[in-house]
There are 2 protein chains.
Amino acid sequence: MGARRRAKRGVTIVDVAEALGVAPSTVSNALHDKDIVAPRTKARIMAMAKAMNYEASAAARALVTRQSSSVGVILPDFANPVFNEIISGLNSILVPAGYATLVASTANDGRTCKAAIHAFVKRDVDAIVVISQCLDIEETAQLAGCGLPVVLVHRTPADWQTTHAPSSTFDYVGMDNTGGVYALVRHLADLGHRRIGFITGPKQSSAACERTRGFRDGVAALGLDAAPELVADGSYDFIAGMRGARELLSLPQRPTAVIAANDLMAFGTMDVAQQMGLSVPKDLSIVGVDDVFFSAFPMISLTTARQPATEIGESVGERLLERFSDEALSPIAVTLPVEIIVRHSTAEAPSRVDPGSPLSTDNLEAYLASRWKPSTIIVA
Amino acid sequence: MGARRRAKRGVTIVDVAEALGVAPSTVSNALHDKDIVAPRTKARIMAMAKAMNYEASAAARALVTRQSSSVGVILPDFANPVFNEIISGLNSILVPAGYATLVASTANDGRTCKAAIHAFVKRDVDAIVVISQCLDIEETAQLAGCGLPVVLVHRTPADWQTTHAPSSTFDYVGMDNTGGVYALVRHLADLGHRRIGFITGPKQSSAACERTRGFRDGVAALGLDAAPELVADGSYDFIAGMRGARELLSLPQRPTAVIAANDLMAFGTMDVAQQMGLSVPKDLSIVGVDDVFFSAFPMISLTTARQPATEIGESVGERLLERFSDEALSPIAVTLPVEIIVRHSTAEAPSRVDPGSPLSTDNLEAYLASRWKPSTIIVA
DNA sequence: TTGAAAGCGATACCAC
DNA sequence: GTGGTATCGCTTTCAA
């Protein structure tokens, strides 16, 4: 039935103390390098501890200090590689400092998310990092109520605050979405594009809104065509990109460039362009935001604004370390700069705008879905 | 300096006991649903615990039971999305059972890997899952020495054993690499291909060797062209795919189909084919193994043998749960079946074999590297 | 069936 | 500086 008792027994602090004829408390102090211990004693203890291969028990320490030296990370889903990069950056800071990372996915579901927070709190994590679009009032309250340091990634506390909590002491780490897209607009304007389309991310995401704002700001500042039909609603996935692209490219006077709020939608746009017989970048320039792994592929070679994912993770890690050593810190917001990576999906605006061949399919949704389906699955 | 003491104080088991006027041990027993407790008492305790919002302290429990209800996962790197899928599957089993997952990356480095194992053991993880190509003798010994259940993913214990450890009690979970590639060969043979090229994975990986064997077995069994020059050495990355493809497609009599040992190399092959003016799948069929996210993209639409990553994770989780309830279990090896996903990168063999235009570049390496480089990086 | 008490291993406080 | 010892919250004998 129940799990068998583990036989393993390690060397305890008492063992070390007895071996040396000193008190456990002295050993503890020495191991923590407290100045109160005499240098000679400290040296003896250190040596003996090493010789006996002493390892402090994380559980015992956690019980008394109420700190587990671990932080919980909540992701919306495991599928998006960009979260890995963030965790990688986070770990690069936290692991050397003796912390471990617990990960959980919300699967974009409130209940799962709440359960994850719950599980983390129960395990006495020292902090919670949230990279999730789907926290609601309840989860926010739960998070605020547990009294732990919380860092929000890609979601501004302001957004959070106005949407949900009356006041929040959460830290924020994100990227310069507005500036990134603005720079993208300028890049295209420099290439002579005057009529640029934009496919937005989901409206509930503050980061997506910032990207849209960067577009509008750029268009206004550079005096480009600001026709409202040049902004299409999207939602960060490939299909949304296809849908948005189809809308924009079917316009009576189609844009000569399209900015998608993320790379995935830019890929969708590429696909539609190709189907309409538009060659990229000769007939149409396409750019995205994020710089996912595949954007660098020669066959894709997408111009994009790079999300500094690793740096975001590192920044979160550093901030956490700060908070651990000084709990009184007031919340901060870190906005990391982005780089524009110019590849081969952008070029000078065409002198003559070829409308392209209209998409033949009537039932777009079914058509889009069918483009994903393999024709056969053979069970080997 | 040091971390401030956390003020938080939760409801303890003693609190619940006092509120009811019973003994802590009875509460403990009731909460564990032990039959020894009278049904009425049990009900009262359960109710009160819920009412008081009681949460067991993981640390206290871990201290006495020597089990932390957590498992450590070691990945080679955080970049590969397939590992996420595995973790996702693992969590879907482990989290409902009350376990948490700790992740660490070896960054393909022995020292980091050792440190990760060490950190896990110190934290009393109940098991370690290793998804890593880079464990060496030392790490293996370390792993075997800590007396914890260990599950190897994508690396057979046999391989492990002959290469490193004299004996191993590790479980293994992987996929049917041989059968998958065999099925791929048959699929191509059914389409009329007789001369098929293969780009291998890294030779030190047992999984890669199995894939190569699947190819050779298929070619032999189906009586296809078994010329040795049809097998090119690769290493699982895009550049290796390009290199291998260039080698195979420059053959005096080029193959009409190429199987790459993974999808990334298949993408590299697509890229080279395109540059040589070969149209896929009309002139050349291309297949991979893994079915990464991008393989499903309409613009790629790669025929491939799907790696059952989620299922692998689930299988690992289930196995772990089994071992937790019965430590005496002898090690097992689970090989999960693969599916062949037929998309649009494969078609009937061409009746006439167009050699394609030879790649113009002399210095292939420099050329390959340059294909990746963005022309400009603009710091916004 | 329930209760009392002894740890688990480390920390922290207070004497000495 | 160092040594005793209570304590963290839970599980687990062993008695009643």
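Side-chain atoms are counted along with the backbone in the values below, which use heavy atoms only and exclude waters and symmetry mates. Numbers restart at 1 for each chain; the letters A, B, ... are given by sequence-line order, proteins then strands.
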Exercise for review: Go through the structure and list residues passing salt bridge (charged side-chain N to carboxylate O under 4.0 Å, His left out) with A:K42, not counting sequence neighbours.
Suggested key: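 A:K42 satisfies salt bridge (charged side-chain N to carboxylate O under 4.0 Å, His left out) with A:D33 only.
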Review point. Excluding sequence neighbours, so at least two apart, what forms salt bridge (charged side-chain N to carboxylate O under 4.0 Å, His left out) with A:R323?
Key: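 In terms of salt bridge (charged side-chain N to carboxylate O under 4.0 Å, His left out), with neighbours along the sequence ignored, A:R323 is linked to A:D171.
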Gap between atoms [atom1] and [atom2], on [X] and [N] respectively (whole Å):
| X | N | atom1 | atom2 | answer |
| --- | --- | --- | --- | --- |
| B:L63 | D:dC8 | CG | C1' | 9 Å |
| B:L20 | C:dT2 | CG | P | 11 Å |
| B:L31 | D:dC10 | CG | P | 9 Å |
| A:E18 | D:dG3 | CD | P | 13 Å |
| A:H32 | C:dA12 | NE2 | P | 7 Å |

Practice item. Tell me which residues in residues 36-57 of chain A put a heavy atom below 4.0 Å from DNA chain D, sorted by number, or none. Key: A:I36, A:V37, A:A38, A:T41
Point to revise | Side-chain H-bond candidate by donor/acceptor type, B:H118 with A:E55, under 3.5 Å | key: yes
Review point. Is it true that atom NZ of B:K114 has more than 12 heavy atoms of other residues, nucleotides or ligands lying nearer than 6.0 Å?
Key: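 Counting neighbours around NZ of B:K114, more than 12 heavy atoms of other residues, nucleotides or ligands fall under 6.0 Å, so yes.
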Exercise for review: Taking only the side-chain nitrogens and oxygens of B:T65, find out if one of them lies under 4.0 Å from OP1 or OP2 of D:dT11.
Suggested key: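 Result: no.
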Review point. Distance check: side-chain N/O of B:S28 vs OP1/OP2 of D:dC10, anything under 4.0 Å?
Key: no
Review point. Is there side-chain contact between B:V316 and B:I86, with heavy atoms separated by less than 4.5 Å?
Key: no
Point to revise | Pair of N/O donor and acceptor under 3.5 Å linking C:dA5 base with B:S25 side chain | key: no
